[in-house]
Structures are given as structure tokens and as C-alpha cells.
K.L.:
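Once you've had a glance at the structure underneath, I'll fire off some questions.
In the text below, chain A, chain B and the rest are named by the order of the sequence lines, each starting its count at 1.
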2 protein chains.
Amino acid sequence: MSQTPLPYRPHNHRACVDQALADAHRICNDAKARLTPTRERVLELIWQSHKPLGAYDLLGALAQDGHNAAPPTVYRALDFLQQHGLVHRIASLNAFVGCAHAGHRHTGFFLICRACRNVLELSAPHVAEAVDQAAQDEGFAAEDTTLEIAGLCPACQQEGGHE
Amino acid sequence: MSQTPLPYRPHNHRACVDQALADAHRICNDAKARLTPTRERVLELIWQSHKPLGAYDLLGALAQDGHNAAPPTVYRALDFLQQHGLVHRIASLNAFVGCAHAGHRHTGFFLICRACRNVLELSAPHVAEAVDQAAQDEGFAAEDTTLEIAGLCPACQQEGGHE
DNA sequence: TCAATGGATGAAACATTATAACATCGCATT
DNA sequence: AATGCGATGTTATAATGTTTCATCCATTGA
Ligand SMILES: [Zn+2]
Ligand SMILES: [Zn+2]
Ligand SMILES: [Zn+2]
Ligand SMILES: [Zn+2]
């Protein structure tokens with residue numbers, strides 16, 4: 001159950017990506033939304049990295065494909081993917097990661113390693129509740145929570161990630 | 001005790017700003033850091049607004065002063081103010097606010113009204129603890145937490161902030 | 001079949017936010 | 001006076017994100 005989280009350990013990454021794409025197809029289908037080739041490719045690129053990618057990283061990767069895209073192409077794909085809960089934007093990095101819980105209601109919550117730059121998405125509901133409660137105590141109607149934690153992942157603490 | 005938080009209600013704002021500046025002088029003095037005129041002016045501008053200001057807003061305000069500053073001037077002042085805990089950067093807005101708890105150890109935590117754009121900084125320690133605990137449960141060494149909540153403040157919920 | 005509709009993309013320009021690099025200034029110490 | 005060093009000035013550029021308008025293309029409905 002409580003084994004090392006996925007991004008931190010080796011795994012069959014092709015299968016991991018394929019699974020994410022299959023899920024995405026299902027989710028979009030259910031929502032009657034169109035997961036077009038560009039959108040799918042952007043999602044695939046994001047999943048392949050398991051690390052946050054900037055919009056211009058994606059733009060570069062598309063260029064490698066021979067797809068001569070301009071910024072709006074990528075930003076539009078990202079908007080779509082975010083709206084359907086398939087990717088998240090990490091505000092503190094200006095970058096995007098695949099959602100680890102696509103299809104399930106959740107308030108994401110990110111552990112960002114400053115050494116290896118892997119990101120782990122948690123969905124600890126009690127944290128979300130504590131946050132919502134604190135907002136409510138101030139009479140504030142919370143709509144969107146950004147919770148991003150920078151630090152060192154278990155692996156990088158070993159190998160002298162200490163500066 | 002639990003009255004309306006400061007930014008949400010009228011108050012003697014000149015005194016509020018003066019207090020913040022006086023605190024800043026004391027804090028910098030204690031740290032043997034120099035709160036130079038530019039740095040002080042930037043801090044004053046930030047406090048005057050009680051709302052997040054972008055670096056280029058500040059640049060514009062300095063220009064009004066007749067100070068013909070370039071971007072690095074403002075970013076350097078902001079870096080200094082952040083390092084001494086006098087302002088915070090709001091990652092989800094690319095903007096800066098005065099720290100409401102300057103001088104005290106705290107993990108900031110922001111309620112950002114999407115209607116009036118006021119920001120309230122809380123320092124709810126139990127939320128910070130819940131977050132740190134969740135990170136520790138994953139073996140993650142948390143160093144810096146970004147927690148920003150967008151929504152509607154009490155005042156704006158009244159006046160049809162509902163879209 | 002064909003025109004109309006509306007979502008999706010292409011393309012160019014532009015806006016905003018942030019940093020790099022190097023010169024200079026001014027004050028404190030010696 | 002010479003030196004050192006933090007702070008500032010200046011120019012250029014990088015990185016991130018948006019606006020606008022034109023065009024394409026799949027679906028629909030006549
Ligand atoms: Zn998610
Ligand atoms: Zn790591
Ligand atoms: Zn603070
Ligand atoms: Zn408000």
C-alpha cells in the first residue's frame with residue numbers, strides 16, 4: 001500500500017503514459033469533449049516527463065515533431081486539458097504536470113523536489129478541509145486552492161541534496 | 001477579537017502604513033540591513049495599496065515620483081524585502097503584498113478575493129502543521145509552502161460577487 | 001447534397017513578467 | 001588617499017502569456 005510513490009521509482013513508463021492517455025480518452029468521451037491530436041500529444045508529452053514542463057518546453061517538443069506551432073496552440077491545449085482535469089498548472093514554477101487523479105474530484109496538492117524536480121500530487125482531503133475551514137472562519141468563500149510545497153524528495157535527501 | 005480583518009474594512013490607512021514602515025525600520029536595523037530610500041518607497045507603495053501590486057505597477061508608481069527606474073531596480077528592492085520577510089510574492093498573481101506578520105516566524109497563507117482583489121494573510125499554524133505532516137508522511141522534506149486561496153471575501157459575497 | 005454553424009487551429013503581433021551583464025557610485029574601513 | 005563592497009544605473013534580452021483575425025473542418029439540418 002504505502003510503497004514509494006510512482007514518480008520516485010523506476011516503472012514501466014510507456015505503460016504508465018498509455019494508461020493516462022486511455023483514461024483521458026475515456027474522460028473526454030464521457031464529457032463529449034474532443035481530445036484532438038494536438039491536445040493528446042501535449043498530454044502525452046507532459047506525462048512522458050513526469051516532471052513539470054513549461055509551455056515553451058512543450059512548444060519545443062512539438063517543433064521536434066515537425067509541428068510548427070505558435071504559443072497559442074500550446075496554451076489552448078493546456079487550457080483544455082486543465083478544464084477537463086487532465087493536467088494541473090504549478091503556479092510557483094509556471095509549468096504543467098499531468099493530474100494523478102484525473103476523473104476523481106480532488107483538490108490537488110503538490111510536493112515539488114527542488115533537486116530532481118519530480119512532482120508528487122497528493123489529494124489529502126483532511127488538508128483540504130483544514131484549509132477550507134480556515135477560510136470559512138474568515139467568512140471567505142474559497143473557490144480555488146493553490147498548495148505547492150517545495151523541498152527535497154526522499155531520494156534526493158539521501159544523495160546530499162543538502163546544500 | 002474576531003472582528004472584520006483589516007483589509008476588508010475602512011481604517012486609518014496612513015497610520016497603518018506608517019506602522020508598517022516603522023516596523024520595517026526596526027527589523028532592518030536589528031538585522032543590520034539597509035532600508036534604503038528606494039526599498040522603503042517600494043514597501044510604502046505596496047502597503048498603501050493593501051492589494052497585490054505587480055513589479056511593473058511599482059515601476060509605474062516610481063515613475064510618477066520622478067524616479068526613472070528600470071525593472072532591476074524594482075526586482076532588487078522586492079528581493080530584499082522578501083528576504084527580510086517584509087513582503088510576500090503571490091505566485092498565482094505574479095504580484096506582491098506587504099507581510100502582515102513581519103518579524104514573526106510564520107508560514108503565510110493568503111485569501112485572495114477575485115472581486116475586490118484584497119488579500120488577507122493568515123498564519124493558521126494548524127494548517128501549516130497539517131501540510132507539513134502530509135509531506136512528512138511521504139518522506140518529503142518541506143522547505144517552502146505556497147498556499148493561496150482564491151474566492152470571494154465577505155464583503156464581495158454580499159454585493160452579487162456571484163457570477 | 002449543400003449551406004450554415006460553431007468548435008478547433010493557424011499565424012502574426014503584442015503584452016507582461018523577469019533576468020543577465022556590466023558599469024558606476026558612495027560610503028566605510030584602513 | 002586607496003581599497004573593498006554593497007547598492008544602484010543602464011541596456012539589452014529572456015521567459016511567459018494574450019489578443020486578434022483568418023481559416024479550416026466536422027456536424028447538422030434543410
Ligand atoms: Zn489532480
Ligand atoms: Zn528529488
Ligand atoms: Zn507574512
Ligand atoms: Zn472582495
Side-chain angles (χ1 to χ4, degrees), chain A residues 24-25 28-29 31-46 49 51-63 65-84 86-97 112 117 146 148, chain B residues 24-25 28-29 31-43 45-46 49 51-63 65-84 86-97 112 117 146 148 150:
Chain A
H25 276 288
C28 287
N29 234 337
K32 303 204 191 319
R34 297 175 49 197
L35 189 58
T36 61
T38 302
R39 291 166 175 174
E40 180 177 12
R41 181 63 178 137
V42 167
L43 181 58
E44 183 180 24
L45 287 166
I46 287 175
S49 95
K51 304 188 185 185
L53 285 184
Y56 282 76
D57 295 333
L58 291 163
L59 210 46
L62 289 178
D65 288 357
H67 182 164
N68 191 8
T73 298
V74 161
Y75 283 103
R76 289 194 281 228
L78 290 169
D79 284 349
F80 173 91
L81 295 171
Q82 282 180 91
Q83 266 159 21
H84 291 85
L86 299 171
V87 309
H88 295 289
R89 180 170 191 275
I90 309 289
S92 58
L93 298 177
N94 297 333
F96 302 82
V97 290
I112 305 164
R117 308 191 60 75
T146 298
E148 300 167 8
Chain B
H25 275 288
C28 287
N29 233 339
K32 303 205 191 318
R34 296 174 51 197
L35 188 59
T36 61
T38 301
R39 291 166 174 175
E40 180 177 12
R41 180 63 177 138
V42 167
L43 180 59
L45 287 165
I46 287 175
S49 94
K51 304 187 185 186
L53 285 184
Y56 283 76
D57 295 334
L58 290 164
L59 210 46
L62 288 178
D65 288 358
H67 182 163
N68 191 8
T73 297
V74 161
Y75 282 103
R76 288 195 279 229
L78 289 169
D79 283 349
F80 174 89
L81 295 170
Q82 283 179 89
Q83 266 160 22
H84 292 84
L86 299 171
V87 308
H88 295 289
R89 180 170 191 275
I90 309 290
S92 58
L93 299 177
N94 297 332
F96 302 82
V97 289
I112 305 165
R117 308 191 61 76
T146 298
E148 300 168 7

K.L.:
Do B:R117 and B:I112 have side chains that approach each other closer than 4.5 Å (heavy atoms only, starting at C-beta)?
P.N.:
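Counting from C-beta outward, B:R117 and B:I112 never come under 4.5 Å.
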
K.L.:
Can you tell me how far C1' of C:dA18 sits from CD of B:Q82, to the nearest Å?
P.N.:
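In whole Å, C:dA18 C1' lies 12 Å from B:Q82 CD.
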
K.L.:
Using a 4.5 Å cut-off on heavy atoms from C-beta on, say whether the side chain of B:F96 contacts that of B:Q82.
P.N.:
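Side chain of B:Q82 against side chain of B:F96, heavy atoms only: contact under 4.5 Å found.
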
K.L.:
Looking at B:L78 and B:V42, what are the two nearest heavy atoms and their distance?
P.N.:
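Closest approach of B:L78 to B:V42: CD2-CG1, 4.0 Å.
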
K.L.:
Between the protein and nucleotides 4-8 of chain D, list every N/O to N/O distance that falls short of 3.5 Å.
P.N.:
unit_1	atom_1	unit_2	atom_2	d
D:dA7	OP1	B:R39	NH1	3.3
D:dA7	O5'	B:R39	NH2	3.4
D:dT8	OP1	B:T36	OG1	2.7

K.L.:
Under 4.5 Å between any side-chain heavy atoms of A:I90 and A:T146, yes or no?
P.N.:
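With C-beta onward as the side chain, the pair stays apart.
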
K.L.:
Polar atoms only, N or O, under 3.5 Å: list the protein pairs with nucleotides 11-18 of chain D and their distances.
P.N.:
unit_1	atom_1	unit_2	atom_2	d
D:dG17	OP1	A:R89	NE	3.4
D:dG17	OP1	A:R89	NH2	2.0
D:dG17	OP2	A:Y75	OH	3.1
D:dG17	O5'	A:Y75	OH	3.4
D:dG17	N7	A:Y56	OH	2.6
D:dG17	O6	A:Y56	OH	3.2

K.L.:
Quick one: list whatever passes side-chain contact (heavy atoms from CB on, under 4.5 Å) with B:L53, sequence neighbours left out.
P.N.:
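Checked B:L53 against side-chain contact (heavy atoms from CB on, under 4.5 Å); matches are B:S49, B:D57, B:L58.
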
K.L.:
Using salt bridge (Lys or Arg N to Asp or Glu O under 4.0 Å) as the criterion, list what pairs up with B:D65, not counting sequence neighbours.
P.N.:
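If we apply the salt bridge (Lys or Arg N to Asp or Glu O under 4.0 Å) test to B:D65, skipping adjacent residues, the hits are B:R41.
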
K.L.:
Could you list the residues that satisfy salt bridge (Lys or Arg N to Asp or Glu O under 4.0 Å) with B:R89, not counting sequence neighbours?
P.N.:
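Salt bridge (Lys or Arg N to Asp or Glu O under 4.0 Å) check on B:R89 returns nothing, list empty.
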
K.L.:
Please report the distance, rounded to the nearest Å, between NZ in B:K32 and P in C:dA28.
P.N.:
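The distance from NZ of B:K32 to P of C:dA28 comes to 15 Å, rounded to the nearest Å.
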
K.L.:
Can you tell me how far P of C:dT9 sits from CG of A:D65, to the nearest Å?
P.N.:
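Distance, rounded to whole Å: 15 Å.
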
K.L.:
Mind calculating the distance between CG (B:L58) and C1' (C:dT16) to the nearest angstrom?
P.N.:
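Whole-Å distance recorded here is 14 Å.
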
K.L.:
Could you pull out all residues at least two apart from A:E40 that satisfy side-chain contact (heavy atoms from CB on, under 4.5 Å)?
P.N.:
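Result, side-chain contact (heavy atoms from CB on, under 4.5 Å) vs A:E40: A:L21, A:H25, A:L35.
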
K.L.:
Roughly how many Å is it from NE2 in A:H84 to C1' in C:dA8, rounded to a whole number?
P.N.:
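Going from A:H84 (NE2) to C:dA8 (C1'), I get 13 Å.
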
K.L.:
I need the CG-C1' distance between B:L62 and D:dG9, as an integer number of Å.
P.N.:
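In whole Å, D:dG9 C1' and B:L62 CG are 14 Å from each other.
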
